[in-house]
Amino acid sequence: MPAHALPDRVARAALAAHFNPGLLAAGLAEYTPAEVWDQRVRHDGSGRLSAYRPREELAQAERTCSFIIPSDDEWPTALAGLGPACPLGLWVRGREQLPRLTSSAVAVTGNRVPSERAAARARDFAAALAAAGHTVTATLAHGVDSTAHRAAAETGRPSLALLPRGLDGAHPHTHAPLLRSVLANGGAAISLYRPRTAASGSTLEASAVLLAALSRAVILVEALDHASAMHTAEAAVDLRRPLLTPPADNDVRSSGNARLIDAQLAVASAAPRLALALPHARVARAGDVADGDLILAAVGEAGADYFNTPYIAHPEPFDPTCGCGVCCLLTDPGEVVVLSQGDPWESCDPWPADDRLLVVSAQHLPDRPLKE
């Protein structure tokens, strides 16, 4: 590396200040961040990049918050799922808390103007998740997200705030006291954007994707179809994060929930008990499912196809002569395992042993029954 080359952290901060990471992926696959920055400066006809002072800008910004990069111990490993779109770095307040918080992050999000039922559910879900040791993770937006932070605080547990602007302020600005409360309670705040960056449509959308990527599971409490919170839900689907949403009611404000459930893109649950198990979900072969495991979805190339009714597995040997009306239809099945013999259906539930399922191991399930 040339003597004048920027340190990796400084180069990443400079690139992040000007470019979407996806636009740099090809260059970063071949060159260091410092080399990519030099290339961009040389080819910048506007003079905007050559006038930028990377070292001075980073030093000034780090008076407000820390800039962490993938080589730092605090870097959230879950972000690897973003592939080429993985951020070049993150701006953080509460850096020392970050590894503990992100190791069990569960996003709770929804409408900015929720129904009374949704507001109550946001409190119930967030309080239950926090009490169980999960980190409630949300924006500071009015409605479901801010309610989730406050509910977590009432349990005495820290939460993780994600902002679509620089961490020198809050979004919305009226929630500056809430941001201070999150930090004072042992929580942390994260942003893709350096201080003095204002919120915009593009920062809101990118932050919605980051919210899903940081989380082990996403709880969409209530959302109008095409509302901001739906960006997080759709990112969860794309990133193969388990997604839970309460069943839609007749209120138009839950139209997004209805679409996700109808398309079997989310598991439906009106109460928090299933949400407590969801962060422990894993993909397993049908032949490896153990007695007592919870079956959430079939998993194919397109992702998870959630069942309307998750069920507890009780594996049994396959018997094509059992008379249930289903097993006899498998004429040349290869290795097959029966995961249920009548619950929640009236027939057996045979699966080719190599099919993949989204399951929660029995040891991670709450003591009480999961049926609603």
Exceeds 12 heavy-atom contacts within 6.0 angstrom, atom [atom1] of [X]:
X    : atom1 : value
Q363 : CD    : yes
R117 : CZ    : no
H18  : NE2   : yes

Working to the nearest 0.5 angstrom, can you tell me the gap between [X] [atom1] and [Y] [atom2]?
X    : Y    : atom1 : atom2 : value
L244 : L276 : CG    : CG    : 10.0 Å
L28  : E35  : CG    : CD    : 10.0 Å
T232 : L204 : OG1   : CG    : 10.0 Å
L220 : L243 : CG    : CG    : 6.5 Å
M230 : T245 : CE    : OG1   : 8.5 Å
R216 : S103 : CZ    : OG    : 7.5 Å

Please report the closest heavy-atom contact between [X] and [Y], naming both atoms and the distance.
X    : Y    : result
S159 : L101 : O-CD1, 4.2 Å
C65  : P195 : SG-CG, 3.8 Å
V289 : I295 : CG1-CD1, 3.7 Å
Y306 : P242 : OH-CA, 3.3 Å
V336 : P350 : CG1-CB, 3.8 Å
W37  : L15  : CE3-CD2, 3.8 Å

Give a yes or no on whether the backbone of [Y] and the side-chain of [X] come within a donor-acceptor separation of less than 3.5 Å.
X    : Y    : result
N111 : V113 : no
T203 : P164 : yes
S181 : P177 : no
T139 : D145 : no
R93  : S66  : no
D249 : S254 : no
S269 : A271 : yes
D293 : V359 : no
N185 : G187 : no
D124 : P272 : no

Verify the cluster assignment for [X] and [Y]: are they in a single hydrophobic cluster under the rule of side-chain heavy atoms below 4.5 Å apart?
X    : Y    : value
V326 : Y311 : no
L23  : V36  : no
V106 : L365 : yes
L358 : L265 : no
V218 : L260 : yes

Could you give me the CA-CA distance, side-chain angles and deciding distance for Q39 and R42, then say whether side-chain hydrogen bond (donor to acceptor under 3.5 Å, both in side chains) is met? CA-CA 5 Å; Q39 292 167 8; R42 287 198 303 271; 5.7 Å; no

Report yes if some heavy atom in the side chain of [X] is under 4.5 Å from a heavy atom in the side chain of [Y]; otherwise report no.
X    : Y    : result
L167 : I190 : no
L24  : L88  : yes
L178 : H149 : yes
R157 : V136 : no
C328 : P320 : no
L210 : L192 : yes
H314 : L339 : no
F318 : C348 : no

Please determine whether side-chain hydrogen bond (donor to acceptor under 3.5 Å, both in side chains) holds for the pair R241 and S215, giving the CA-CA distance in whole Å, both sets of side-chain angles, and the decisive distance to 0.1 Å. CA-CA 8 Å; R241 299 294 192 266; S215 303; over 6 Å; no

[Y]/[X] salt bridge by N-O under 4.0 Å criterion:
X    : Y    : result
R194 : E62  : no
D44  : R40  : no
E116 : R121 : no
D168 : R165 : yes

Begin from the C-alpha positions of L239 and L82 and carry the test side-chain contact (heavy atoms from CB on, under 4.5 Å) through to its verdict. CA-CA 7 Å; L239 292 168; L82 289 170; 3.9 Å; yes

Those residues that, when tested against D251, pass salt bridge (Lys or Arg N to Asp or Glu O under 4.0 Å) (two or more places apart):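 Salt bridge (Lys or Arg N to Asp or Glu O under 4.0 Å) check on D251 returns R253.
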
Stepwise side-chain hydrogen bond (donor to acceptor under 3.5 Å, both in side chains) test for W75 and D73: CA-CA 6 Å; W75 185 258; D73 292 340; over 6 Å; no

Candidate pair R12 and D8, rule salt bridge (Lys or Arg N to Asp or Glu O under 4.0 Å), full reasoning: CA-CA 6 Å; R12 284 176 173 272; D8 191 53; 3.1 Å; yes

For side-chain hydrogen bond (donor to acceptor under 3.5 Å, both in side chains), just list the numbers for S202 and S200, CA-CA rounded to whole Å, side-chain angles, deciding distance to a tenth of an Å, and then say yes or no. CA-CA 5 Å; S202 61; S200 66; 3.1 Å; yes

So L129 and V108, side-chain contact (heavy atoms from CB on, under 4.5 Å) or not? Walk me through it. CA-CA 10 Å; L129 288 163; V108 180; 3.7 Å; yes

Between H280 and H134, is the gap from one ring center to the other below 6.0 Å?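 Aromatic pair counts; centres sit under 6.0 Å.
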
I'd like to know whether E316 forms a side-chain contact (heavy atoms from CB on, under 4.5 Å) with D291, so could you lay out the CA-CA distance, the side-chain angles of the two residues, the decisive distance to 0.1 Å, and finally the verdict. CA-CA 9 Å; E316 297 284 349; D291 188 74; over 6 Å; no

Please determine whether side-chain contact (heavy atoms from CB on, under 4.5 Å) holds for the pair L163 and W91, giving the CA-CA distance in whole Å, both sets of side-chain angles, and the decisive distance to 0.1 Å. CA-CA 10 Å; L163 275 66; W91 296 95; over 6 Å; no

